[in-house]
Number of protein chains: 2
Amino acid sequence: MQAQSTVEKAVDILFHLHAEPHSCGVTAIGRRLGLSKSSTHRLLTALSRRGLVEKDDRGRYRPGIGLVALGVGALDREPVVAAARPVLEAEAEALGETVFLVAARAGRLIVLDKSEGEGFLRAAPRVGSTVPIHATAVGKLYLAFGDGSVEAPAGDLARFSDETITGRTALEAAVARAAERGFAENSDEWIPGLSVVAAPVIATASAGRMLAAFAIAAPTPRMRSLGHEEMGRRMMAAAARVAARLEGVAQ
Amino acid sequence: MQAQSTVEKAVDILFHLHAEPHSCGVTAIGRRLGLSKSSTHRLLTALSRRGLVEKDDRGRYRPGIGLVALGVGALDREPVVAAARPVLEAEAEALGETVFLVAARAGRLIVLDKSEGEGFLRAAPRVGSTVPIHATAVGKLYLAFGDGSVEAPAGDLARFSDETITGRTALEAAVARAAERGFAENSDEWIPGLSVVAAPVIATASAGRMLAAFAIAAPTPRMRSLGHEEMGRRMMAAAARVAARLEGVAQ
DNA sequence: GATAGCGTTCCTATAATAGGAACATAGCTA
DNA sequence: TAGCTATGTTCCTATTATAGGAACGCTATC
């Protein structure tokens, strides 16, 4: 991690505090990010003056309330989120399972929005969280339809479960299959017991660029009874509705 | 606005983008914040590399998805939020109106959490948003019970409605009344048609410091039929439950 | 087709930053 | 209790990223 600019170092501190479950001390943060203790302290002080980090009683730092304020409403600026929201709600209602929207941002796959199903056992992704690339339906879609801004990680493909695809050729085959069918699936490859079927949102107005992925997540047995092919068609239809709404808005 | 550090300038850009309803250009941002065009551009580029801002098709900038990621979960770090959540939900359920939790952060009053009621006409504060001090029940509580970190704005008190208290002596009288009764109220003083009754969350373990305010918001006629005194007692009881949960957790 | 405004890039004097060292304090150990 | 270790904070100066003017290419407008 080579952070040239001061701003990037400060942002790195924010993400580090975000990732840690508990408050962190100056020394620990500096050591983790390769910054000196005094630099870390000054950056934290600056962030603290703007409320992006807070100091607890013991002088340790945690994410501040300012981050919540900045985060709220940022999603509404995403045209694709605005276009997808009613479609998400309608699909979740109709299927009774969680549907969600994922897009590539800065080379990673981020959950943009979701509408949860009603089952006692249901997927509950966190909006704003990151999902892996090589072990998810959405990741395969981006490898198949994306513009190359999303790539499978270099080196060994991490194994999350017994079903995780860890071979390059097997992954290429899965990606080719997704390109051919127009949708992708994932059964237990990331989280045992969880299956996902996803389809790409492609807007012709944006030169056929893939803007996001529309996906349904359900417990694996439930997904099997819903039917992978059937859900694939359904997600493609939903993604097309999102794309149509986007172009309607754009006109 | 005197921002010495680079980090603070970058954060100011984030807040500016957050406040603007639409995407902003480099020139406009720089002009607004007193930065040169090239500096603004470099700060935006740094923020963009970390996903805190995004560039749309026309080269304009808007808040990025990274802010959502950082914002999500930041609230869960607040012990008072964790302690208050079940109480919020129970009160909202019992009363059918919106109840919410507000605390002082960096001299401002921030909505930490809420549980919405069920009415067609109901209060829907945004988590993370700021509320004024001199025109709200929570503000009066902080003036009465706070440690001085929250103060009424200098100069003229802004008038939000016909009922807004704009005189210093009248405000002092309202604060004294809140100190005496142990709760505060606000009828139409901020938003016409909206009434709020609030009570302070005071933890004896924290040397009697006021940690937050527990409040109910309802349309003014509805609040009248619920009874201000009755709701005052109810909010004090709820705030006491939150305080008790906090001390139980702290042990 | 001319023009005004925009985002972007280049360059160098400048000013903020980095990091070592010293300090005060808290927590732990013996 | 006394000593020790590790932490958060402050001070200081060489270094280095930064600020901002100027120039560039581009787009939209008239």
Side-chain angles (χ1 to χ4, degrees), chain A residues 1-17 20-64 77 79 106 149 205-207 250-251, chain B residues 1-17 20-64 77 106 205-207 250-251:
Chain A
M1 182 175 305
Q2 71 299 352
Q4 297 105 346
S5 87
T6 307
V7 171
E8 285 175 86
K9 291 174 201 168
V11 175
D12 288 342
I13 288 179
L14 290 178
F15 275 104
H16 178 66
L17 287 178
E20 291 294 317
H22 302 296
S23 304
C24 295
V26 172
T27 308
I29 298 169
R31 198 155 35 208
R32 180 70 179 72
L33 299 177
L35 303 170
S36 76
K37 212 162 53 159
S38 36
S39 296
T40 307
H41 181 259
R42 197 168 30 75
L43 292 172
L44 282 167
T45 306
L47 290 170
S48 172
R49 274 197 292 268
R50 290 293 188 269
L52 265 55
V53 304
E54 286 167 17
K55 206 166 29 162
D56 69 10
D57 312 332
R58 288 187 299 284
R60 303 169 80 87
Y61 292 85
R62 63 162 183 240
R77 315 293 180 95
S149 64
S206 302
Q251 279 169 7
Chain B
M1 183 173 304
Q2 70 301 350
Q4 297 105 347
S5 88
T6 308
V7 172
E8 284 175 87
K9 291 173 200 167
V11 176
D12 288 342
I13 289 179
L14 291 177
F15 275 105
H16 179 66
L17 287 178
E20 290 293 317
H22 302 297
S23 304
C24 294
V26 173
T27 309
I29 298 169
R31 201 156 31 208
R32 180 70 178 73
L33 299 178
L35 303 170
S36 76
K37 212 162 56 159
S38 37
S39 296
T40 307
H41 180 259
R42 196 168 32 74
L43 292 173
L44 283 167
T45 305
L47 290 170
S48 172
R49 273 196 294 266
R50 290 293 187 269
L52 266 54
V53 304
E54 286 168 16
K55 205 164 34 162
D56 69 11
D57 312 331
R58 288 186 299 283
R60 305 169 78 88
Y61 293 86
R62 62 162 184 244
R77 314 293 179 95
S206 301
Q251 279 167 7

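Because the structure is predicted, anything quoted here is derived from the model rather than measured. Throughout, protein chains are lettered first and strands after them, A, B, ... in sequence-line order, and every chain is numbered starting at 1.
Atom NZ in B/K55 sits roughly 10 Å away from atom P in C/dG7 (whole-Å rounding). Nucleotide D/dA19 holds its P atom 9 Å from the CD1 atom of B/I13, rounded to whole Å. B/R31 places its CZ atom 14 Å from the P atom of D/dG21, with the value rounded to the nearest Å. Atom pair B/L43:CG and C/dG7:P shows a separation of 15 Å (rounding to whole Å applied). Taking atom CZ of A/R42 as the reference point, atom P of D/dT15 lies 17 Å away to the nearest angstrom. Summarising the geometry, the separation between CZ on B/R60 and P on C/dG5 is reported as 15 Å, rounded to the nearest angstrom. Rounded to whole Å, the distance from CG on B/L35 to P on D/dA19 is 8 Å. For the pair A/D56 CG and C/dA26 P, the computed distance is 14 Å after rounding to whole Å.
Each of B/L47, B/D56, B/V53 was compared with B/Y61 under the side chain to side chain contact (heavy atoms under 4.5 Å, CB included) criterion, and only B/V53 meets it.
When the side-chain nitrogen and oxygen atoms of A/K37 are compared with OP1 and OP2 of C/dA18, none of them lie within a distance under 4.0 Å. Side-chain nitrogen and oxygen atoms of B/Y61 include at least one within less than 4.0 Å of the OP1 or OP2 phosphate oxygen of C/dT8. For C/dA18, one of the phosphate oxygens OP1 or OP2 lies less than 4.0 angstrom from a side-chain nitrogen or oxygen of A/K9. Contact between the side-chain N/O atoms of A/H41 and the OP1/OP2 oxygens of D/dG8 is not found at any separation under 4.0 Å.
Counting heavy atoms from C-beta outward, B/K55 and B/S48 have side chains that stay 4.5 Å or more apart. Between B/T40 and B/L33, every side-chain heavy-atom pair lies at or beyond the 4.5 Å cut-off.
Scanning atom types as modelled, one donor and one acceptor separated by under 3.5 angstrom connect the side chain of A/S38 and the base of C/dG20.
Heavy-atom distances to DNA chain D give each of A/V7 and A/V26 a nearest nucleotide, and the one nearer the 5′ end belongs to A/V26.
Residue A/R62 qualifies as enclosed at atom CZ: its count of foreign heavy atoms under 6.0 Å is above 12.
Once rounded to the nearest 0.5 Å, the distance linking CG of A/L17 with CG of A/L44 reads 6.5 Å.
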